Amino acid sequence: NGADRAVSLLLDILIGVKGKATAYLADLGKLLSRFVEEIGTVPLLTWKVTDATVKRLITPAPVTNNFIPLVDMLRAFASRHAEDLTVGEVSSVLPTLDVSMTQCPAPAIMCLLANTVQLGQLCIPINGSDPRLFDYRATNLYFLVLASLVDAVPLGALS
């Protein structure tokens, strides 16, 4: 499907650039952050892409010193928007459309939270299902971003 091809293409580009010279690294952080801001806010993202694409997002990439795309994306997002995350204004950096809650009950912040939870639950270095692959720093970053997202969700949305 179209969504899967688009996300897969973006992952190809991001993983490819990560494996290349450092001249691209300044722009790479911005691209990784934008992936979180724009693709991470798609409602039910993991339902719209294939399992293979999800796996590429949460699995260490050998071509790039085993970086986990999801973790690098969250790291870039957290770094680029550290102040907004700290003061609970993460919603202000997400794309917003003027759509009523009755028409689309999933604002960008809720979609990002749901997708982050789903991907983190599937990511073995984060979820701790294999102690040999557990990545403390990645998990710490994941939960810091997750806590900021939970704080930014509208009151009553999680009740």
Side-chain angles (χ1 to χ4, degrees), residues 1-86 88 90-91 93-94 106 108-153 157-158:
N1 69 31
D4 182 63
R5 282 190 301 236
V7 171
S8 186
L9 174 64
L10 284 170
L11 284 173
D12 285 343
I13 292 167
L14 295 173
I15 290 170
V17 169
K18 181 78 175 182
K20 301 291 182 214
T22 57
Y24 297 109
L25 291 182
D27 292 332
L28 180 62
K30 186 176 180 181
L31 288 172
L32 291 169
S33 178
R34 285 192 62 200
F35 189 97
V36 172
E37 296 163 25
E38 297 178 28
I39 305 297
T41 58
V42 171
L44 303 171
L45 176 65
T46 57
W47 292 12
K48 295 178 179 168
V49 296
T50 63
D51 289 343
T53 299
V54 170
K55 186 174 182 177
R56 289 184 58 215
L57 190 56
I58 61 173
T59 304
V63 130
T64 59
N65 291 334
N66 291 323
F67 94 103
I68 303 165
L70 172 67
V71 173
D72 267 19
M73 290 171 189
L74 291 176
R75 183 176 292 115
F77 178 75
S79 174
R80 189 168 180 217
H81 302 293
E83 187 175 328
D84 296 311
L85 288 169
T86 303
V90 68
S91 295
V93 302
L94 300 177
I109 189 69
M110 297 270 302
C111 294
L112 181 56
L113 174 63
N115 290 330
T116 304
V117 168
Q118 286 180 323
L119 291 170
Q121 184 227 357
L122 297 171
C123 184
I124 292 172
I126 291 174
N127 71 23
S129 60
D130 185 344
R132 294 174 295 124
L133 300 175
F134 182 73
D135 185 337
Y136 171 77
R137 287 187 175 158
T139 303
N140 183 45
L141 170 71
Y142 171 78
F143 280 106
L144 287 172
V145 171
L146 200 61
S148 296
L149 295 176
V150 168
D151 282 345
V153 169
L158 299 176

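This one's a predicted model, so the numbers in the text were calculated from it and none came from an experiment.
To the nearest 0.5 Å, atom CG of residue L31 and atom CG of residue D72 are 12.5 Å apart. Atom CD1 of residue I39 and atom CG of residue L57 lie 10.5 Å apart, to the nearest 0.5 angstrom. Taken to the nearest 0.5 Å, the OG1 atom of T86 stands 9.5 Å off from the CG atom of L144. One distance of note links NZ of K55 with CD1 of I124; it measures 8.5 Å at 0.5 Å rounding.
When all heavy atoms of Y142 and V117 are compared, the pair lying nearest together is OH-CA, 3.3 Å. The two residues C123 and I58 make their nearest non-hydrogen contact at SG-O, 3.3 Å. Shown here for S148 and V90, the closest heavy-atom pair between the two residues is O-CG1, 4.2 Å. Closest approach of G120 and L70 over heavy atoms only: N-CD2, 4.2 Å. Nearest heavy-atom pair across F77 and S33 is CA-OG, 3.5 Å. The shortest heavy-atom contact between A76 and G29 is CB-O, 3.3 Å.
Formation of a donor-acceptor pair under 3.5 Å by the S79 side chain with backbone atoms of R75 is not found in this model. The backbone N or O of E37 lies less than 3.5 Å from a partner atom in the side chain of T41, making a donor-acceptor pair. N115 contributes a side-chain N or O that, together with a main-chain N or O of V42, makes up a donor-acceptor pair within less than 3.5 Å. Side-chain N or O atoms of K48 include one that pairs as donor or acceptor with a backbone N or O of P43 at under 3.5 Å.
The shortest distance between side-chain heavy atoms of S8 and R56 falls below 4.5 Å. L122 has its side chain out of reach of N127: every pair of non-hydrogen atoms, C-beta onward, lies at least 4.5 Å apart.
Surrounding CZ of R80 are more than 12 heavy atoms belonging to other residues, nucleotides or ligands, all under 6.0 Å away. For D130, the CG atom is densely surrounded, since the number of other residues' heavy atoms within 6.0 Å is greater than 12.
Results of the side chain to side chain contact (heavy atoms under 4.5 Å, CB included) test with I126 over L119, I68, V71, N140 single out V71 as the only residue that passes. With V54 as reference, V49 is the one residue of V7, V49, T59 to meet the side chain to side chain contact (heavy atoms under 4.5 Å, CB included) rule.
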### Query
Passes side chain to side chain contact (heavy atoms under 4.5 Å, CB included), L149 versus V145? Steps please.
CA-CA 6 Å; L149 295 176; V145 171; 4.1 Å; yes
### Query
Between L113 and L146, does a side chain to side chain contact (heavy atoms under 4.5 Å, CB included) hold up when you go through it step by step?
CA-CA 7 Å; L113 174 63; L146 200 61; 3.7 Å; yes
